[in-house]
Amino acid sequence: MLKSLKLITKWIFIVYLTLGVLIWLFSPLVIRNITNNVIEPHNLAISSDSTIRYNLFSTHISVSDLELYSLDSPSEVAISIKVFDFELALHQFIFDEIYISELFIDGLNINTSFVDDKLIIAGIILNDDSKAEVIDEEAAPSESAQVNFPYTVVLPELAFINTNFNLVDNNNAHKFSIKDLNIADFSASLKHQTFNLVLKSALNDSPILVNLDAKLNDNKGDVLLALDLQKIALEKLQHFLPDNIKVLEGGVSFKAKNKLTLNDDAMLLSVTDFNFLIEEFNFSDDLYKAGFNNQALVSEAFTLNLSDFNSDINDVSLAYNLEELLVTTVANDEVVISINNIELPDISYTDPAIHQVTISGLNINNIIASDKVQDEYPGLLTLSAINVDNILLTDKSVDVGTVSLSDLAVEAEINEEKVLVSLITFPEKQVKESDATQPESEPETETESQSESTKENTEIEDVEKSSPVFNFSLPEFKLNNPA
């Protein structure tokens, strides 16, 4: 009996070993044929150099030199992967764990295009109405249905390197590159989630760095997120804007450390080291050209209550700076406004109950307004500085300590036709034909006119009675060295 049991065990082992070896040897051919049958309706095929192997003993899938190309154009690659390794520890199912012992991707390239309202990802049209499936509402799970998933997904380490997502939006190319994505100590179930993510990437060659650390238990805990976006190119986004915008240039940078705290009472977002910067900005439409050297908004710390959309902002301290602002006309390069610097060194939001904002000072330097440049007339208005101190804003009042204007000069040149020639004028907007051809409304009768007038007066009186009193205070106003 024992001898027969040993023989049976021996043959089972031999069969299992032989089956594993055969699967490993022939899996590339079998998987390639199956994959081609699946993707052929999408007009795609897998390249002959692609290798996909499955190891039965270690539950390991390895992919190398994978390419999916279009049948109409074999040179057009929809998706490619240089190396892909995935390994699953099946014995961990005994302990209610889906344990992914290895997940590594190198050289993933996915081509995406958006043409004629069709979104094509990896050669597959996702929003093809002709192939849309009808969803059975009765078969679809309800939102209130309780999800039963007893497993914990465990992933000691995930690594993505040299990955590119290429998007072509109506002949406008965009590229999101992942140089290195690492997820460590990932563990997730319905009640508990912990992981650490580090991302080094780029959007259209502009670096994006992300560091995310999450520890949640029963939807309570902390999520730490550090973001660093460096000089995102605005010109790449111009094609999303209306056609009358001719130029959009500049680099947008953003940096902040965020802490999201979840508990039973509220959802709080604490932000530190906040820095928003726009550099070398240029904008132009049919009438105006505008630009500035840089614009910065900085904050050491503030807190948001995200429990509802009417959340309050607490303990906010901001600083704002704008340098070399210039707005000119497109037609003649006439200066509409030129400002060397705008500075608000300290903006504080201190009392959410009355929406109190305190501004220590507002400084505007070297102002020129309405300067035609090419004619003999000087600018309509020039100022060396505007200084405003101790500004206090609430929902019921505006209190200003001191307003000081330095070297104010107004050059109002009037010609023989009594026209203010030093004022820049713009072409009037053309009246649309549809507006011009609309029939005139019938005149109101005297009774109707009196009724409407009485109604309007009553409404104005009601508004005046219900409106709170709004106060404005300016104790001191100075003119320094007026021209």
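Side chains included, hydrogens not; waters and symmetry mates left out as well; all remaining heavy atoms used.
With respect to the salt-bridge test (charged N to carboxylate O, under 4.0 angstrom), the residues Asp264 and Lys220 qualify.
Within the structure, the salt bridge (charged side-chain N to carboxylate O under 4.0 Å, His left out) test picks out no pair touching residues 96-110 (sequence neighbours left out). Each ring pair (Phe, Tyr, Trp, His ring centres under 6.0 Å) pair with one or both residues in residues 201-220, not counting sequence neighbours, would appear here, but there are none. Counting only residues at least two apart or on different chains, no salt bridge (charged side-chain N to carboxylate O under 4.0 Å, His left out) pair has a member in residues 175-204. The list of ring pair (Phe, Tyr, Trp, His ring centres under 6.0 Å) pairs with a residue in residues 248-268, not counting sequence neighbours, reads Phe254-Phe274.
Side-chain contact between Phe114 and Ile120 is absent, with no heavy-atom pair separated by less than 4.5 Å. The closest side-chain heavy-atom distance from Phe195 to Leu216 is not below 4.5 Å. Residues Thr358 and Gln356 meet the side-chain proximity criterion, which asks for heavy atoms closer than 4.5 Å. Side-chain contact between Ser70 and Asn43: present, with at least one pair of heavy atoms (C-beta onward) separated by less than 4.5 Å. Put simply, the side chain of Ser206 does not reach to within 4.5 Å of the side chain of Gln230, judged on heavy atoms. Residues Phe276 and Ile278 have side chains in contact (heavy-atom distance under 4.5 Å, counting atoms from C-beta outward). Inter-residue side-chain proximity for Thr261 and Lys259 is flagged as met; some heavy-atom pair is nearer than 4.5 Å. In this structure, the side chains of Leu199 and Leu209 stay at 4.5 Å or more apart for every pair of heavy atoms.
In this structure, CG in Leu268 is found 7.5 Å from OG1 in Thr303, a value given to the nearest 0.5 Å. The CG atom of Asp85 lies 10.5 Å from the OG atom of Ser101; values are rounded to the nearest 0.5 Å. Rounded to the nearest 0.5 Å, atoms CG (Leu155) and CD1 (Ile183) are 7.0 Å apart. The CZ atom of Phe186 sits 8.0 Å away from the CD1 atom of Ile100 when rounded to the nearest 0.5 Å.
By the 30° and 60° cut-offs, the orientation of the rings of Phe281 relative to Phe283 is parallel.
In terms of modelled atom types and a separation under 3.5 Å, the side chain of Asn111 and the main chain of Val77 share a donor-acceptor contact. Under the 3.5 Å distance criterion, the side-chain polar atoms of Ser253 are matched with a main-chain donor or acceptor of Lys231. At least one donor-acceptor pair under 3.5 Å links the side chain of Asn37 to the backbone N or O of Asn33.
Asp65 and Ser50 form no side-chain donor-acceptor contact under 3.5 Å, judged by distance and modelled atom types alone. With hydrogens and angles left out, the side-chain atoms of Glu280 and Asn282 include no donor and acceptor closer than 3.5 Å. Judged by distance alone, the side chains of Asp169 and His174 never bring a donor and an acceptor atom under 3.5 Å apart. Asn293 and Glu279 share no donor-acceptor pair across their side chains, judged by distance under 3.5 Å alone. For the residue pair Asp286/Asn244, the side-chain donor-acceptor check at 3.5 Å is not satisfied.
Considering every non-hydrogen atom in both Leu287 and Asp285, the closest pair reads N-OD1, 3.0 Å. Taking both residues in full, the closest heavy atoms of Lys215 and Thr194 are given as CA-CG2, 4.0 Å, listed atom of the first, atom of the second, then distance. Here the shortest heavy-atom pairing between Ser406 and Leu383 reads O-CD2, 3.5 Å. The shortest heavy-atom contact between Ser201 and Ile178 is CB-CA, 4.1 Å. The minimum heavy-atom distance between Leu44 and Ala122, with the atom names listed, is CD1-O, 3.4 Å. For the pair Leu248 and Leu234, the tightest heavy-atom approach, listed with the atom from each and the gap, is CD2-O, 3.7 Å.
Enclosure of atom OH in Tyr151 is not indicated, since only 12 or fewer non-hydrogen atoms of other residues, nucleotides or ligands lie within 6.0 angstrom. Heavy-atom neighbours of Glu235 CD from other residues, nucleotides or ligands within 6.0 Å: above the threshold of 12.
Paired with Ile79 under the rule side chain to side chain contact (heavy atoms under 4.5 Å, CB included), one option of Leu66, Ile46, Ile110 passes, and it is Ile110.
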Q: Starting from the C-alpha separation in whole Å, work towards a yes-or-no answer on side chain to side chain donor-acceptor pair (under 3.5 Å) for Ser360 and Asp346.
A: CA-CA 6 Å; Ser360 64; Asp346 186 10; 4.6 Å; no

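Taking the side chain to side chain donor-acceptor pair (under 3.5 Å) definition, one finds that Asp389 meets it with nothing, sequence neighbours left out.
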Which atom pairs, donor and acceptor, lie under 3.5 Å between side-chain atoms of residues 330-344 and protein residues at least two apart or in another chain?
residue	atom	partner	partner atom	Å
Asp333	OD1	Lys289	NZ	2.6
Glu334	OE2	Gln374	NE2	3.3
Asn341	ND2	Asn321	OD1	2.9
Asn341	ND2	Leu322	O	3.3

